[in-house]
K.L.:
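Quick one: the structure is below, questions incoming.
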Amino acid sequence: MNQAKRILVTSALPYANGPLHIGHLAGAYLSADVYVRFQRLMGKDIVFICGSDENGAAITIKALKEKKHPKEIVDKYHELFKQAFSGIGVSFDYYHRTSAQLHHETSQEIFRELYKSGKFEEKTTEQYYDTKANQFLADRYIKGTCPNCDYADAYGDQCENCGSSLSPTELINPISTLTGDAPVLKTTTHWYLPLDKDEDWLREWITQGTIDGKEHHLASDWKSHVVGQCKSWLDGGLLPRAMTRDLDWGVDVPQEIPGSEGKKLYVWMDAPIGYISSTKAWAQENGKDWKDYWQSEDSKLVHFVGKDNIVFHCIIFPSILKALDNYVLPTNVPANQFMNLEGNKISTSKNWAIWVNEYLADLPGKEDELRYFMVKAMPEQKDSEFTWKGFQEAINNELVNNLANFINRVIVLTNKYYEGKIPEFDDSLMICGSDNTEDISFLDNELLRLFDDLNDYSHHIRAYEFRAALNKMMEISSKGNQILQFNEPWKTIKTDEELVKTVMFLCIQYGAALSVAIRPFLPKASENLRALLNLPALKEEGELVEMMDKLALGEYLIESGHQINEAKHLFSRIEDDLVDAQISKLNASKVAANTDSTSDNPIKENIIFDDFSKIDFRTATVLEAEKVPKADKLLKLTLDLGFEKRTVVSGIAEQYKPEEVIGKQVTIVANLAPRKIRGVESQGMILMAENQSGKLSFISPEKGWEEGTVVR
RNA sequence: UGCGAGGUAGUGUAAUUGGCAACAUCGGAGGCUCAUAUCCUCCAGGAUGUCGGUUCGAAUCCGGCCUUCGCAACCA
């Protein structure tokens with residue numbers, strides 16, 4: 001692929017119904033920010049675009065629950081996002097929002113264009129409608145009895161008990177989770193994008209990197225898990241996807257299109273178009289043309305996303321862009337995997353997370369520290385793990401002991417020996433190089449080595465290998481420490497002052513190089529280091545490429561005679577009590593979420609005694625138990641009710657081994673209509689108590705009672 | 001069940017096309033004293049999840065198994 005003239009970088013639009021946590025940062029924002037800052041330092045024309053995703057059903061539902069207008073919800077999170085991003089130093093060129101007028105117009109325009117050029121298929125289907133809530137119901141908002149296993153709380157798309165995937169119309173006795181009413185079927189018409197027709201070119205584009213045989217990108221540059229995931233989708237066969245929904249919060253389908261009333265654009269269409277509208281907003285305010293970035297062959301588009309977003313950015317959005325004809329397709333989608341936290345998955349609903357806004361408040365001035373560890377533990381190829389202990393160790397061992405210490409040594413010595421004025425020196429003197437104590441080298445050689453390291457570092461970032469680049473950066477700092485150690489200026493100063501000048505001059509060049517090289521990862525520390533060295537602040541306008549040119553030509557980064565400032569620590573140690581406090585805070589929040597169980601399981605509607613007395617509860621003892629083949633969760637139990645024996649299938653296999661339950665006394669519903677589950681007829685249902693974390697416990701008579709006793 | 005990505009020193013990660021298993025940290029020993037008890041050197045630590053196959057040679061290629069994560073509601 002030819003060198004692109006300009007680069008457009010996007011980070012996934014955060015959904016405005018919850019705050020930002022470190023997993024988000026690791027997934028799509030820090031990686032993008034490092035990449036963008038680096039390309040700016042290389043003098044590239046690059047634009048970094050993002051914005052809040054503020055449409056869709058989840059926001060209306062949250063608004064309904066909190067008795068607020070959706071606008072209040074999205075405004076709140078939009079502000080929180082902006083604060084979090086600016087606090088942690090994610091340097092968007094433009095941060096937009098999908099509730100903006102410009103976004104609505106842009107989305108409608110694109111919809112109109114696709115509609116006019118006949119890219120949509122119109123289909124009419126029957127869907128469940130909640131007459132009380134006055135809206136169509138997404139599959140997940142419908143519950144009912146599973147037709148396969150009789151499980152009472154199956155969702156409209158899937159039964160969590162038997163694992164079968166369902167469609168809402170298959171459910172027995174469907175119920176709207178919004179109002180608890182039975183929904184009614186109603187016909188509705190939507191516009192579909194026939195993705196099935198895109199399979200061939202998508203496969204060629206993703207696996208070969210070509211479009212109609214013409215080179216688009218290097219397929220080997222894409223991450224294996226991204227390509228693998230896409231192939232999996234393609235091999236499974238793509239289906240036409242609806243691009244519209246029956247919603248009341250989002251972008252209207254353009255009015256002039258017949259049947260548009262009450263229809264909104266679906267998120268898959270709406271959200272990625274947010275990238276385009278955000279670019280437009282940026283262009284308007286900066287006197288640029290957005291089309292240069294979206295409709296020009298010599299522009300490169302890179303989407304930074306988490307792994308859950310791969311399908312949108314590699315299949316659905318490219319299909320939309322391709323259908324529009326004149327738009328560029330992404331050159332790469334360097335998706336990251338997930339970051340776990342202290343051994344568990346990050347979970348918003350379980351409140352198991354480090355919230356970015358809280359981090360900024362709890363550890364003020366430690367933004368670069370978080371950035372450093374986030375990159376160090378970035379889930380580039382596989383899931384990774386954040387631990388506070390690991391965070392503390394990385395910061396203390398690497399940022400404080402190595403990097404900050406090297407800088408401090410150089411600055412203290414320069415001040416001590418030369419009153420902070422970079423000395424004149426003799427470049428013909430031989431010094432110890434960074435690679436070996438025995439190896440004697442000239443200063444110019446050492447500066448070429450520094451160039452090589454910076455070059456490696458650059459290659460890593462261009463290849464989206466941020467962790468490798470971070471290692472390289474620390475390697476440069478280590479080499480600085482080695483040069484000091486091998487040459488021991490604090491000793492040599494007593495015997496050979498001229499040699500010390502050459503060594504110190506070299507170390508100062510290392511410091512200057514680091515002040516630029518750390519910039520993408522550690523913007524604040526970079527700023528502080530520039531100030532210590534009394535160098536002009538970085539504008540991220542080609543400073544790195546200029547510096548590397550100088551090194552390649554044998555020029556110096558700081559000249560003799562330049563005056564630097566007094567030493568000041570770049571980073572300070574993170575003490576035990578700080579991380580201990582954060583760990584307790586995390587554990588406390590988990591407990592709080594666990595005890596708050598009534599919110600998820602509200603008490604059901606009242607029933608009358610007659611309803612209750614219809615159910616025949618009995619005690620029973622488990623005689624035999626065996627696993628149901630090809631089912632993870634099911635045990636086939638033989639129960640003794642005293643007057644008869646029965647077979648009951650129960651979804652407890654994940655927590656109980658067959659041999660553990662034999663002999664246990666349980667309570668069952670004895671008059672539940674029999675139902676076949678995985679080919680076995682189940683004659684009843686065992687009662688289990690389930691806690692917040694999904695753990696099960698039998699409901700057994702307190703005293704060993706005889707079998708078949710009535711329970712009431 | 002199927003599909004995709006993983007499984008490598010205690011921990012976190014590397015290893016272009018098969019060719020001496022590398023780096024950081026932790027642990028042990030030594031050196032230095034400019035520096036935030038920091039830095040530098042050396043040592044130790046591994047049947048590369050498991051079983052089998054191809055090969056002169058396998059972490060790498062092939063097959064079986066075990067295991068972790070993910071697979072279009074929300075969520076990076």
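Sequence lines set the chain letters: A, B, ... in the order given, protein chains first and strands last, and positions in each chain run from 1. Just so you know, these numbers come straight off a predicted model, no measurement behind them.
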K.L.:
Could you check which of B/U36, B/C74, B/C40 has an atom nearest any side-chain atom of A/Tyr15?
P.N.:
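In terms of side-chain proximity for A/Tyr15, the closest of B/U36, B/C74, B/C40 is B/C74.
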K.L.:
Using atom P of each nucleotide, how far apart are B/C32 and B/A22 to the nearest Å?
P.N.:
30 Å
K.L.:
If you measure only the distance, is there a donor-acceptor pair under 3.5 Å linking the side chains of A/Arg467 and A/Gln381?
P.N.:
no
K.L.:
Of the nucleotides B/C39, B/A72, B/C71, which has the atom closest to the A/Gln229 side chain?
P.N.:
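In terms of side-chain proximity for A/Gln229, the closest of B/C39, B/A72, B/C71 is B/C71.
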K.L.:
Using modelled atom types only, decide if a donor and an acceptor are shared between the side chain of A/His21 and the backbone of A/Gly23 within a distance under 3.5 Å.
P.N.:
yes
K.L.:
Go ahead and name the base partner of B/A58; Watson-Crick or wobble counts if both distances stay under 3.5 Å, otherwise write none.
P.N.:
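Answer to the pairing question: none, since B/A58 forms no Watson-Crick or G-U pair.
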K.L.:
May I ask you to evaluate whether A/Asn397 reaches the phosphate of B/C26, defined as a side-chain N or O under 4.0 Å from OP1 or OP2?
P.N.:
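Answer yes for this pair, as a side-chain N or O of A/Asn397 is under 4.0 Å from OP1 or OP2.
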K.L.:
Can you tell me, in whole Å, how much space there is between the C1' of B/U60 and that of B/G6?
P.N.:
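Roughly 15 Å separates the two C1' atoms.
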K.L.:
Starting the side chain at C-beta, find the nucleotide from B/U13, B/U36, B/C32 nearest to A/Arg467.
P.N.:
B/U13
K.L.:
What's A/Ala404 touching, base or sugar-phosphate or nothing? Going by heavy atoms closer than 4.0 Å.
P.N.:
base
K.L.:
Look at A/Ser224 and B/G6 and indicate whether a side-chain polar atom (N or O) is within less than 4.0 Å of OP1 or OP2.
P.N.:
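Yes, A/Ser224 has a side-chain N/O under 4.0 Å of OP1/OP2 on B/G6.
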K.L.:
Of A/Ser478 and A/Leu413, whose closest RNA chain B nucleotide lies nearer the 5' terminus?
P.N.:
A/Leu413
K.L.:
If you define the side chain from C-beta out and look only at heavy atoms, does anything of A/Pro330 sit under 4.5 Å from A/His313?
P.N.:
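Side-chain contact under 4.5 Å: no.
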K.L.:
Can you measure A/Asn471 atom CG to B/U13 atom C1' for me and round it to whole angstrom units?
P.N.:
8 Å
K.L.:
Counting the atoms with a prime plus P, OP1 and OP2 as sugar-phosphate, which does A/Val311 contact under 4.0 Å by heavy atoms, base, sugar-phosphate, or nothing?
P.N.:
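Nothing, no nucleic acid heavy atom in range.
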K.L.:
Using the side-chain heavy atoms of A/Asn401, tell me which of these nucleotides is nearest: B/U38, B/C75, B/U13.
P.N.:
B/U38
K.L.:
Assign A/Met339 to base, sugar-phosphate, or nothing according to its heavy-atom contacts below 4.0 angstrom with the strands shown.
P.N.:
base
K.L.:
So does A/Arg573 get a side-chain nitrogen or oxygen closer than 4.0 Å to the phosphate oxygens (OP1/OP2) of B/U38?
P.N.:
yes
K.L.:
Using the P atoms only, state how far B/U11 lies from B/U48, rounded to an integer number of Å.
P.N.:
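Result for the P pair: 15 Å, nearest Å.
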K.L.:
Is A/Ile59 touching bases, backbone alone, or none of the nucleic acid, heavy atoms closer than 4.0 Å?
P.N.:
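Touches nothing.
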K.L.:
Once you apply a heavy-atom cut-off of 4.0 Å, does A/Val305 come out as touching a base, just sugar-phosphate, or nothing?
P.N.:
sugar-phosphate
K.L.:
When you check the side-chain N and O atoms of A/Asn402 and A/Ser478, is any donor under 3.5 Å from an acceptor?
P.N.:
yes
K.L.:
So A/Lys231, base contact, sugar-phosphate only, or nothing? Heavy-atom distance under 4.0 Å.
P.N.:
nothing
K.L.:
Indicate whether the side chain of A/Gln392 and that of A/Asp576 have a donor and an acceptor atom separated by less than 3.5 Å.
P.N.:
yes
K.L.:
Taking the side chain of A/Trp490 as its heavy atoms from C-beta onward, which of B/U41, B/C75, B/C34 lies nearest to it?
P.N.:
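Per side-chain heavy atoms of A/Trp490, the pick is B/C34.
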K.L.:
Taking OH from A/Tyr417 and P from B/U33, how many angstroms apart are they, rounded to a whole number?
P.N.:
11 Å
K.L.:
Could you measure between the two P atoms, the one in B/U25 and the one in B/C71, and give it in whole Å?
P.N.:
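B/U25 and B/C71 have their P atoms separated by 36 Å.
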K.L.:
Taking the P atom of each, how far is B/A24 from B/C39, in whole Å?
P.N.:
13 Å
K.L.:
Answer yes if the side chains of A/Ser441 and A/Glu446 hold a donor-acceptor pair under 3.5 Å, and no otherwise.
P.N.:
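Distance-only check passes for A/Ser441 and A/Glu446.
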K.L.:
Rounded to whole angstroms, how far apart are CZ on A/Phe571 and C1' on B/U36?
P.N.:
13 Å
K.L.:
Taking atom P of B/G6 as reference, at what distance in whole Å does atom CD of A/Glu385 sit?
P.N.:
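Rounded to the whole Å, the gap is 19 Å.
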K.L.:
Would you say the side-chain atoms of A/His190 and A/Thr188 include a donor-acceptor pair closer than 3.5 Å?
P.N.:
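A pair is found: one side chain offers a donor N or O, the other an acceptor, under 3.5 Å apart.
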K.L.:
Could you check if the base of B/A47 is syn or anti? Syn means the glycosidic torsion is within 90 degrees of 0.
P.N.:
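Syn.
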K.L.:
Say you pick atom P in B/C40 and the same atom in B/A47; how far apart are they, in whole Å?
P.N.:
29 Å
K.L.:
What nucleotide among B/C69, B/C39, B/U36 has an atom nearest to a side-chain atom of A/Asn408?
P.N.:
B/U36
K.L.:
How is A/Asn396 classified with respect to the nucleic acid when contacts are heavy atoms under 4.0 Å: base, sugar-phosphate, or nothing?
P.N.:
nothing
K.L.:
Whole angstroms only, please: what is the CG-P distance between A/Asn402 and B/U36?
P.N.:
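The distance from CG of A/Asn402 to P of B/U36 comes to 15 Å, rounded to the nearest Å.
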K.L.:
Send over the distance from A/Glu575 CD to B/A37 P, rounded to a whole Å.
P.N.:
10 Å
K.L.:
In whole angstrom, what separates A/Asp383's CG from B/U13's P?
P.N.:
10 Å
K.L.:
Taking atom C1' in both B/G46 and B/A21, what distance in whole Å separates the two?
P.N.:
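Each nucleotide's C1' atom is 9 Å from the other's.
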K.L.:
What is the pairing partner of B/C69, taking Watson-Crick or G-U wobble pairs with both distances under 3.5 Å in any strand?
P.N.:
B/G4
K.L.:
Touch check for A/Gln381, heavy atoms < 4.0 angstrom, all strands: base, sugar-phosphate only, or nothing?
P.N.:
sugar-phosphate
K.L.:
Of all the nucleotides listed (B/C40, B/C74, B/A35), which has the minimum atom distance to the side chain of A/Arg409?
P.N.:
B/A35
K.L.:
Kindly say if A/Gln482 contacts the phosphate of B/U41, meaning a side-chain N or O under 4.0 Å from OP1 or OP2.
P.N.:
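Looking at the OP1 and OP2 atoms of B/U41, one of them is under 4.0 Å from a side-chain N or O of A/Gln482.
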K.L.:
Taking NZ from A/Lys382 and C1' from B/U48, how many angstroms apart are they, rounded to a whole number?
P.N.:
12 Å
K.L.:
Reading RNA chain B from 5' onward, which residue's closest nucleotide shows up sooner: A/Val412 or A/Leu195?
P.N.:
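Looking at the nearest nucleotide for each, A/Val412 comes out on the 5' side.
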K.L.:
Which of the following nucleotides, B/U25, B/C71, B/C39, is nearest to the side chain of A/Trp233?
P.N.:
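Closest of the options to the side chain of A/Trp233: B/C71.
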K.L.:
Using a heavy-atom cut-off of under 4.0 Å over every strand shown, decide if A/Lys223 touches base, sugar-phosphate, or nothing.
P.N.:
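If one applies the 4.0 Å heavy-atom cut-off, A/Lys223 turns out to touch nothing in the nucleic acid.
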K.L.:
With rounding to whole Å, what would you report as the distance between B/G63 and B/A72 at their P atoms?
P.N.:
27 Å
K.L.:
Would a 4.5 Å heavy-atom cut-off, applied to side chains only, mark A/Ser52 and A/Thr98 as touching?
P.N.:
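No. Closest side-chain heavy atoms not under 4.5 Å.
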K.L.:
Using a 4.0 Å heavy-atom cut-off, does A/Ile346 contact any base of the nucleic acid, only the sugar-phosphate backbone, or nothing at all?
P.N.:
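Base, at least one base atom sits under 4.0 Å.
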K.L.:
Hey, which of A/Phe521, A/Phe386, A/Phe391 is the one that makes side chain to side chain contact (heavy atoms under 4.5 Å, CB included) with A/Met374?
P.N.:
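The passing option is A/Phe386.
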